[in-house]
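Notes to accompany the following structure.
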Amino acid sequence: MKQFRRPMRGFTLLELLVVLGIIALLAGIVGPQVMKHMGASKTKAAKVQIEDLAAALDMYKLDEGRYPTQQQGLIALIEKPSDARRWNGPYLRKEKIPQDPWMNDYRYVYPGKHGSFDLSSLGADDREGGEGEDQDINSWE
């Protein structure tokens, strides 16, 4: 008896190379656009976090009659300072002060130069000034 062999099905090396080339081309076009939007998203997230921290600072002031001192810092929003009389916290839902999207600490200055307090992030480069993802995000703008 003669046995018939089915032809093997699959992709040729040339077909695989063409598909890989198309994927690489799409990644080269789409990748930079995604990264640009990702940087903008981090900046927006920092603005939202600063607004949340500012609201928590305002709640602290309603209870204590003043904002936390420079020495107490933002930690006073989650841990009762030793000199607090009417502290009704924690004022944040999390058990620790959030960092900005670039994993740096937010800067808190009291009294502030631009308002009752100044709250800011220095952006991706963690230096003053900058543009794009490196720009400073402030509570007073």
Side-chain angles (χ1 to χ4, degrees), residues 2-141:
K2 248 184 175 182
Q3 214 173 7
F4 292 102
R5 293 182 79 184
R6 287 187 186 165
M8 295 181 79
R9 294 183 181 178
F11 297 105
T12 66
L13 181 60
L14 182 60
E15 290 170 330
L16 289 173
L17 288 174
V18 167
V19 169
L20 287 174
I22 291 170
I23 291 172
L25 181 66
L26 287 173
I29 293 170
V30 173
Q33 295 299 319
V34 169
M35 295 307 285
K36 182 174 79 174
H37 290 293
M38 197 166 149
S41 296
K42 285 185 175 185
T43 300
K44 288 177 185 174
K47 288 178 182 178
V48 169
Q49 281 183 324
I50 285 175
E51 288 175 13
D52 287 347
L53 288 169
L57 286 164
D58 288 339
M59 293 297 293
Y60 180 97
K61 182 183 180 199
L62 282 173
D63 290 342
E64 285 295 315
R66 61 169 177 76
Y67 291 105
T69 65
Q70 183 79 34
Q71 292 75 29
Q72 290 170 331
L74 295 175
I75 198 75
L77 297 175
I78 56 173
E79 293 178 9
K80 183 178 180 179
S82 59
D83 65 342
R85 293 172 286 144
R86 295 180 302 274
W87 192 83
N88 195 22
Y91 298 94
L92 296 174
R93 291 183 182 170
K94 299 190 178 190
E95 294 179 6
K96 65 179 200 170
I97 301 298
Q99 291 184 308
D100 70 13
W102 302 278
M103 303 312 291
N104 300 312
D105 292 332
Y106 284 102
R107 298 175 186 271
Y108 172 69
V109 177
Y110 177 79
K113 295 179 183 175
H114 305 279
S116 299
F117 60 85
D118 292 347
L119 196 54
S120 63
S121 166
L122 297 180
D125 63 354
D126 201 30
R127 286 190 234 150
E128 290 189 17
E131 294 181 13
E133 199 175 352
D134 293 336
Q135 71 180 336
D136 300 346
I137 300 106
N138 305 305
S139 60
W140 58 89
E141 291 178 352

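Given the structure is predicted, the values throughout are model-derived calculations rather than measurements.
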query = Checking side chain to side chain donor-acceptor pair (under 3.5 Å) for the pair Asn88/Tyr60: CA distance, chi angles, key distance, verdict?
reply = CA-CA 8 Å; Asn88 195 22; Tyr60 180 97; over 6 Å; no
Quick one: do Leu53 and Tyr108 satisfy side chain to side chain contact (heavy atoms under 4.5 Å, CB included)? Show the steps, please.
CA-CA 10 Å; Leu53 288 169; Tyr108 172 69; over 6 Å; no
(Q) Evaluate Leu57 against Leu119 for side chain to side chain contact (heavy atoms under 4.5 Å, CB included), listing each step before the verdict. (A) CA-CA 10 Å; Leu57 286 164; Leu119 196 54; 4.2 Å; yes
Could you walk me through whether Ile78 and Glu95 pass the side chain to side chain contact (heavy atoms under 4.5 Å, CB included) test, one step at a time?
-> CA-CA 7 Å; Ile78 56 173; Glu95 294 179 6; 5.9 Å; no
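Between atom CG of residue Leu122 and atom CD of residue Gln135 there is a gap of 11.5 Å, rounded to the nearest 0.5 Å. One finds the CD atom of Glu128 at 13.5 Å from the CG atom of Asp134 (value rounded to the nearest 0.5 Å). To the nearest 0.5 Å, the span separating NZ on Lys61 from CE on Met59 amounts to 13.0 Å. To the nearest 0.5 Å, atom CD1 of residue Ile137 and atom OG1 of residue Thr43 are 5.0 Å apart. Residue Leu74 holds its CG atom at 5.5 Å from CD1 of Ile97, rounded to the nearest 0.5 Å.
Using a 4.5 Å cut-off on side-chain heavy atoms (C-beta onward), Trp140 and Ser120 make contact. Between Pro98 and Leu92 the shortest side-chain heavy-atom distance falls below 4.5 Å. Residues Asp83 and Gln72 are in side-chain contact: their nearest non-hydrogen atoms beyond the backbone lie under 4.5 Å apart. Looking at Phe117 and Pro68, their side chains never come closer than 4.5 Å, going by heavy atoms from C-beta outward. In this structure the side chain of His114 never reaches within 4.5 angstrom of the side chain of Ser139, judged on heavy atoms.
Within a 6.0 Å radius of CZ in Arg86, other residues, nucleotides and ligands contribute more than 12 heavy atoms. Heavy atoms of other residues, nucleotides or ligands lying less than 6.0 angstrom from CD of Glu15 number more than 12.
Shown here for Arg127 and Asp136, the closest heavy-atom pair between the two residues is O-OD1, 3.3 Å. Taking each heavy atom of Tyr110 and Ser116 in turn, the nearest pair found is CD1-O, 3.3 Å. Ser121 and Ile50 make their closest contact through N-CD1, 4.1 Å (heavy atoms, listed as atom of the first residue, atom of the second, distance). Considering every non-hydrogen atom in both Lys113 and Asp118, the closest pair reads N-OD2, 2.8 Å.
With Asp105 contributing its side chain and Gln99 its backbone, the two residues share no donor-acceptor pair below 3.5 Å. Side-chain atoms of Glu64 come within 3.5 Å of backbone atoms of Arg85 as a donor-acceptor pair (strictly under, hydrogens ignored).
Using bins of under 30°, 30° to 60° and over 60° for the plane-to-plane angle, the ring pair Trp87/Tyr91 lands in the perpendicular bin.
For the pairing with Ile22, the side-chain contact (heavy atoms from CB on, under 4.5 Å) check across Leu25, Val19, Val18 returns one residue only, Val18.
Using a 4.0 Å cut-off between charged nitrogen and carboxylate oxygen, Asp100 and Arg107 do not count as a salt-bridge pair.
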